[in-house]
Student: 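I'd like to ask some things about the structure below.
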Amino acid sequence: MTTFERDFKMMPPLPITEAEILSGIPDAENQVYDAGTTYETGDQAWHGGKVWESLVDSNTGNTPVEGASWTDLGQVDQGASEYASGTTYNTGDYAVYQGYLWSSAIDGNTGNTPSITAEPIRWTRLRRTFRYSPFDDVLVDTAVLSGDIKYRLQLSDLVTEVGILRADGATANIKMTDVTDGEVYNTDFELIDDSNVGDAWEYCFNPIIYRDTVIADGDTALPPYAGAEIEITLAGSEVSVAQILLGQAQAHGITTIGTGVGIETYDYIERDDFNRATIVERPYSDTADFVLKIPRENVQYFKREFAKRRALPTLYYSSGSELLGAVTYGLFRNLRPIHEDSVFAECTLETESLG
């Protein structure tokens with residue numbers, strides 16, 4: 001395999017629900033501060049619309065307030081509390097219900113459980129709460145904290161690869177702990193990118209740039225322990241993440257010269273009657289066209305496997321190419337055969353991210 005050729009892989013992500021989340025970003029329905037609970041250093045709790053992190057061990061009975069026992073990591077979910085049927089909500093008031101952030105669409109909104117199907121419309125569902133948005137297949141909604149974002153997850157399925165997309169911070173750490181063997185994996189990933197540093201001058205004066213994608217794969221893949229606890233920590237002073245994906249990647253041939261990456265923008269220009277332009281910024285989608293070389297005898301299997309992923313969000317990537325941008329999480333659009341010889345078949349796979 002030449003330096004231009006890398007394994008091409010796709011990873012169907014495993015669904016993450018509250019059953020798999022041992023701890024994560026607190027919201028108004030989960031990890032709510034309880035005066036009778038003992039918190040240790042680093043534990044996080046929701047209180048008053050914010051996330052608080054314990055600064056000490058054996059932290060009991062100390063209501064969260066900035067000081068020696070707790071630190072404020074910032075507001076989550078517009079500061080919304082859990083929906084209460086006895087509360088009267090007015091237009092624009094927020095509430096958290098069943099893992100979603102809702103906004104009241106009317107004044108005097110009392111006793112109306114948030115719903116997107118009820119008529120007349122009394123609530124608008126805005127997005128998943130910060131707790132669940134890294135697992136909701138929506139790249140434009142990010143979870144943000146003024147401190148570390150931490151998740152402890154336990155899945156019954158085997159997890160060997162982890163993808164972290166559109167992240168912002170200093171470092172990412174992934175740890176795996178097995179109930180029998182203890183800690184079996186602990187790896188740090190730098191989010192600061194030093195590719196623009198070639199000498200001491202550039203080290204001192206070039207702007208700091210960051211990478212926003214981490215894939216634990218290849219030499220950094222997780223060991224095969226089904227049911228192990230997986231801890232993911234994004235560290236920094238201001239941290240955000242769009243998606244965290246866990247699963248098993250499947251190799252399907254290799255990428256070759258001609259693979260291209262790009263961005264599809266949805267910004268547009270509004271013009272008034274005198275041609276004065278106003279730029280309207282909207283989200284963008286990553287795109288990647290993978291030129292693949294696969295063993296000739298695997299062509300039918302290859303087609304069948306991709307047909308199974310039709311209309312299902314999937315992580316497509318060229319192994320080890322995060323810095324090159326050869327990563328998309330979304331759908332494949334076209335599988336275009338080019339030609340085949342006695343050993344390999346070549347094709348182009350067009351993909352588009354979920355935005």
Side-chain angles (χ1 to χ4, degrees), residues 1 5-17 20-22 24 133-137 139 149-167 169 171-178 181 183-191 211-234 241-255 259 261 286 288 290 292 294 298 301-302 305-306 308-309 312-332 349 351 353-354:
M1 188 181 299
E5 297 178 337
R6 300 172 184 269
D7 289 335
F8 172 76
K9 295 183 178 180
M10 70 174 188
M11 187 184 81
L14 294 167
I16 304 297
T17 67
E20 285 76 42
I21 301 176
L22 302 180
S133 64
F135 314 107
D136 69 350
D137 294 338
L139 286 164
I149 290 178
K150 306 174 184 178
Y151 280 95
R152 288 193 306 115
L153 307 166
Q154 190 168 33
L155 293 80
S156 58
D157 297 88
L158 191 65
V159 173
T160 52
E161 279 80 22
V162 175
I164 302 172
L165 307 182
R166 296 192 187 176
T171 61
N173 174 267
I174 302 174
K175 184 187 300 182
M176 174 182 275
T177 304
D178 179 67
D181 294 343
E183 185 178 294
V184 294
Y185 180 94
N186 191 335
T187 302
D188 290 318
F189 299 84
E190 290 291 333
L191 292 176
R211 56 187 291 196
D212 66 355
T213 301
V214 169
I215 298 181
D217 169 76
D219 293 340
T220 58
L222 282 63
Y225 282 84
E229 180 180 306
I230 299 171
E231 183 176 304
I232 299 169
T233 303
L234 298 171
V241 63
Q243 288 291 284
I244 298 175
L245 311 170
L246 301 92
Q248 283 185 274
Q250 305 166 19
H252 291 286
I254 57 177
T255 56
T259 293
V261 301
D286 297 307
F290 297 96
L292 306 178
I294 59 177
N298 290 351
Y301 168 76
F302 182 85
E305 287 302 297
F306 276 86
K308 292 178 183 177
R309 297 306 303 171
L312 295 173
T314 305
L315 181 66
Y316 299 102
Y317 64 97
S318 181
S319 187
S321 294
E322 296 95 311
L323 294 180
L324 302 178
V327 179
T328 54
Y329 177 56
L331 306 178
F332 81 89
L349 181 76
T351 66
S353 81
L354 294 177

Student: Looking only at the aromatic ring of each residue, does the gap between the centers of Y316 and F290 stay below 6.0 angstrom?
Tutor: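 No: the rings miss the under 6.0 Å criterion.
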
Student: State, to 0.1 Å, how close S318 and T255 come at their nearest heavy-atom pair, and which atoms those are.
Tutor: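 Shortest heavy-atom separation between S318 and T255 comes out as OG-OG1, 3.0 Å.
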
Student: What pairs with E229 under salt bridge (charged side-chain N to carboxylate O under 4.0 Å, His left out), at least two apart in sequence or on another chain?
Tutor: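 Scan of E229 (salt bridge (charged side-chain N to carboxylate O under 4.0 Å, His left out), adjacent residues dropped) gives R152.
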
Student: Got P15 and E20 here, is their nearest side-chain heavy-atom distance under 4.5 Å?
Tutor: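 In short, these two side chains do not touch, never coming nearer than 4.5 Å.
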
Student: Would you say D137 and Y329 are linked by a side-chain donor-acceptor pair, where the criterion is simply a distance under 3.5 Å?
Tutor: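 Yes, a side-chain donor-acceptor pair sits under 3.5 Å.
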
Student: Mind checking the CG-CG spacing from L331 to L354? Nearest 0.5 Å is all I need.
Tutor: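 The distance works out to 5.5 Å.
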
Student: Of all residues at least two apart in sequence or in a different chain, which pass the side-chain hydrogen bond (donor to acceptor under 3.5 Å, both in side chains) check with T177?
Tutor: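 For T177, no residue satisfies side-chain hydrogen bond (donor to acceptor under 3.5 Å, both in side chains) once neighbours in sequence are set aside.
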
Student: Contact between V184 and L222 at the side-chain level, heavy atoms closer than 4.5 Å - yes or no?
Tutor: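 They are not in contact (no side-chain heavy atoms under 4.5 Å apart), so the answer is no.
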
Student: If you compare all heavy atoms of E190 against all heavy atoms of R211, which two are closest, and at what distance to 0.1 Å?
Tutor: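 Smallest interatomic distance, heavy atoms only, reads O-CD, 2.9 Å.
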
Student: Short question: side chain of E305, backbone of F302 - any donor-acceptor pair under 3.5 Å?
Tutor: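 Looks like no, no N/O pair under 3.5 Å.
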
Student: When you measure from the side chain of S319 to the backbone N and O of D7, does any donor-acceptor pair fall under 3.5 Å?
Tutor: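 Side chain of S319 to backbone of D7: no pair is present.
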
Student: Would a 4.5 Å heavy-atom cut-off, applied to side chains only, mark L246 and M11 as touching?
Tutor: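 Answer no - side chains too far apart.
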
Student: Might you point out which heavy atoms bring L158 and A226 nearest each other, and give the distance in Å?
Tutor: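 In this case the closest contact between L158 and A226 is CD1-N, 3.5 Å.
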
Student: What's the verdict on side-chain contact (heavy atoms from CB on, under 4.5 Å) for F306 and L349, showing C-alpha distance, side-chain angles and the deciding distance?
Tutor: CA-CA 10 Å; F306 276 86; L349 181 76; 3.5 Å; yes

Student: Measure from the side-chain N and O atoms of T233 to the backbone N and O of N173, and report whether any donor-acceptor pair falls under 3.5 Å.
Tutor: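 The answer is no, because no donor-acceptor pair under 3.5 Å joins these two groups.
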
Student: Show the numbers, then the answer: is there a side-chain contact (heavy atoms from CB on, under 4.5 Å) between V214 and L191?
Tutor: CA-CA 8 Å; V214 169; L191 292 176; 3.6 Å; yes

Student: Measuring from F8:CZ to I254:CD1, what's the distance to the nearest 0.5 Å?
Tutor: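 If we round to the nearest 0.5 Å, F8:CZ and I254:CD1 are 12.5 Å apart.
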
Student: Report the distance from atom CG of N186 to atom CD1 of I174, rounding to the nearest 0.5 Å.
Tutor: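 Output value for this atom pair is 10.0 Å.
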
Student: Could you walk me through whether S353 and R166 pass the side-chain contact (heavy atoms from CB on, under 4.5 Å) test, one step at a time?
Tutor: CA-CA 12 Å; S353 81; R166 296 192 187 176; 4.1 Å; yes

Student: Could you walk me through whether V327 and V261 satisfy the side-chain contact (heavy atoms from CB on, under 4.5 Å) test, starting with their C-alpha distance in whole Å, then the side-chain angles of each, then the deciding distance to 0.1 Å, before giving a yes or no?
Tutor: CA-CA 8 Å; V327 179; V261 301; over 6 Å; no

Student: From L153 CG over to I21 CD1, what is the distance, rounded to the nearest 0.5 angstrom?
Tutor: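 Separation between the atoms: 6.5 Å.
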
Student: Please confirm whether the backbone N or O of T220 pairs with a side-chain atom of Y185, one donor and one acceptor, at under 3.5 Å?
Tutor: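 Yes; judged by distance alone, with no hydrogens or angles, the pair exists.
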
Student: Show the nearest heavy-atom pair for residues R309 and P313, with the distance to one decimal.
Tutor: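 Of all heavy-atom pairs spanning R309 and P313, the closest is NH2-O, 2.9 Å.
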
Student: Atom CG of L245 and atom CG of L165: how far apart are they, to the nearest 0.5 Å?
Tutor: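 Here the rounded value is 5.0 Å.
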
Student: Closest approach of Q154 and G227, non-hydrogen atoms and distance?
Tutor: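 Looking at all heavy atoms of both residues, the closest pair is NE2-O, 2.9 Å.
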
Student: Can you tell me how far apart NZ (K9) and CD1 (I215) are? Round to the nearest 0.5 Å.
Tutor: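 Between K9 NZ and I215 CD1, I get 9.5 Å after rounding to 0.5 Å.
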
Student: Restricting to non-hydrogen atoms, name the atom on Y317 and the atom on A249 that form the minimum distance, rounded to 0.1 Å.
Tutor: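 Heavy atoms only, the tightest pair is OH-CB, 3.3 Å.
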
Student: If we ignore hydrogens and angles and just use 3.5 Å, is the side chain of E161 paired with the main-chain N or O of A221 as donor and acceptor?
Tutor: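 Between the backbone of A221 and the side chain of E161 there is no qualifying donor-acceptor contact (under 3.5 Å).
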
